[in-house]
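Below: the structure, in structure tokens.
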Protein chains: 2
Amino acid sequence: MTETLSPPHRAGPGAPRQAAEAAILAAAERVFGRHGFRGASMNEIAREAGVPKPNIHYYFGTKEELYRSVLENIMTFWLQDADYWLVPERQAQEGFEGYIRAKMAFSRERPDASRIFAYELLQGAGNIHHYLSTTLREHVARRARTFDVWRTERQMPAIDPTHLMFAIWSMTQAYADMSTQMTALTGHAVLRDVDFEAGLQTILRLVLGFCNDIEDRG
Amino acid sequence: MTETLSPPHRAGPGAPRQAAEAAILAAAERVFGRHGFRGASMNEIAREAGVPKPNIHYYFGTKEELYRSVLENIMTFWLQDADYWLVPERQAQEGFEGYIRAKMAFSRERPDASRIFAYELLQGAGNIHHYLSTTLREHVARRARTFDVWRTERQMPAIDPTHLMFAIWSMTQAYADMSTQMTALTGHAVLRDVDFEAGLQTILRLVLGFCNDIEDRG
DNA sequence: GTCTATACGCTGATAGAC
DNA sequence: GTCTATCAGCGTATAGAC
């Protein structure tokens, strides 16, 4: 799966190489997450990874190839939760709650990954356009089928599935992407458990409350 | 108001100067909106504004000072809608609907401004931290008082006002900041009126539906 | 006031010693 | 395979002619 954008020199696996590559990818995720693609420098990534700068080029080729490797890691991670939670076999309430909790956990545990995705979208998503219009599109289509089942079972009202998913993504990812705004408002230096919990409860009330609107609509 | 970060040389008003400054600010908003602060180049701004590059430095000083001028324009704009719509004198439903419509209109009409704000938050908000912890904080405090009145009048349930505002901002701004994701999903080249309308209806149902939850909670 | 020409730092990337 | 030393190019910013 991660072979599609492999380094230019793929001689052998080699334990030291794997360790260096992992360190570089982890450092790259942090640095790209702080500054975006253009703002990040190979120097800073090398320093943070604890390797000489040329080694990064040796392992990953260009800066853009390194960046795309990082993006790929994030993309695969990003989809998993929905296939687990937003499936017709579950109850709607349970599915939405589990999914929203998972998305909030992602914002808390991998904020840099979320920010890299946000930067990429702001830049115009040139590096992931194919992924968005194929993989993510099918991903949303599966959610549409799930919502359709739930609607016929009167577990939720009819709604545009794309825009509903969009709303959930934006609300949950804001706790990573726009955390600076929230910390300035709360006065906390960083977002704490209590902030994530309050945000989670707010989002849950909006989305689960919507599901319960079924009665008002006949 | 916009005097706080004035150009280094403020000899006289002068009609040609004002025209050039306006062209530069407009071009800067577009270019910063596309690439963020680091990714934008003075060359590109100068070309897009139709002025020689040194003139920008002459009028605005450094790149960072130009950037802060653009940010200031955006900030003042950003607050206006809430003071008009989210006030106790209105009905809750009317207030939320008007506010959300205004925020969606902002995403449609000034997407670059919305993106610049998003970039700035992703970068850590170093240029607007003071603004966030003073002006925006008081702004949210006023919303909290409005929601308090509405709650006592049984127009909406109790909720954490900061997180509710955060949710509304993230959902509406996503139609500017993450529009690439939406266009890839819809298949449209750019977001069209029908997309903004569908998004608006989705957000309205989430938020207005929440207000109606008052009955279930006693 | 305005703009051409230029200085100079920092970037990504590589050549070549080990 | 690994890393020191270095290059070419683009970035911001300014000196100085007009």
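In what follows, chains are A, B, ... by sequence order, proteins preceding strands, each numbered from 1.
The distance between atom CD1 of A:I45 and atom P of C:dA13, rounded to the nearest whole Å, is 11 Å. Between A:F60 atom CZ and C:dT14 atom C1' the separation is 18 Å, expressed in whole Å. When rounded to the nearest whole Å, the span between CZ of A:R38 and C1' of D:dG11 equals 10 Å. Rounded to whole Å, atom P of D:dG1 lies 11 Å from atom CD of A:Q18.
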For every nucleotide of nucleotides 13-18 of chain D, 5' to 3': is a protein heavy atom under 4.0 Å from its base (B), only from its sugar-phosphate (S), or from neither (-)? BB----
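A:Y119 and B:Y119 have tilted rings, their planes meeting at an angle from 30° to 60° on a 0 to 90° scale. Ring-plane geometry between A:Y175 and B:F166 is classed as perpendicular, the angle between the planes exceeding 60 degrees on a 0 to 90 degree scale with a lower cut at 30.
For the atom pair CG of B:L206 and CD1 of A:I168, the computed distance is 8.0 Å after rounding to the nearest 0.5 Å.
In this model, the phosphate group of D:dG1 is approached by a side-chain N or O of A:Y58 to a distance below 4.0 Å at OP1 or OP2. Look at A:N55 and you'll find a side-chain N or O under 4.0 angstrom from OP1 or OP2 of D:dC3. Distances shown here put every side-chain N or O of B:Y59 at or beyond 4.0 Å from the OP1 or OP2 atom of C:dG1.
A donor-acceptor contact closer than 3.5 angstrom is absent between the side chains of A:Y131 and A:E72.
With sequence neighbours excluded, no residue satisfies side chain to side chain contact (heavy atoms under 4.5 Å, CB included) with B:Q80. The side chain to side chain contact (heavy atoms under 4.5 Å, CB included) search around A:F77 returns A:F106, A:R110, not counting sequence neighbours.
Closest approach to the B:S41 side chain among C:dT2, D:dG1, D:dG11 is made by D:dG11 (side chain taken as heavy atoms from C-beta onward). Taking every side-chain heavy atom of B:N43 into account, D:dG11 is the closest of D:dT2, C:dG12, D:dG11.
In this structure, B:A40 reaches the sugar-phosphate backbone alone: every heavy-atom distance under 4.0 Å involves primed, P, OP1 or OP2 atoms, never a base.
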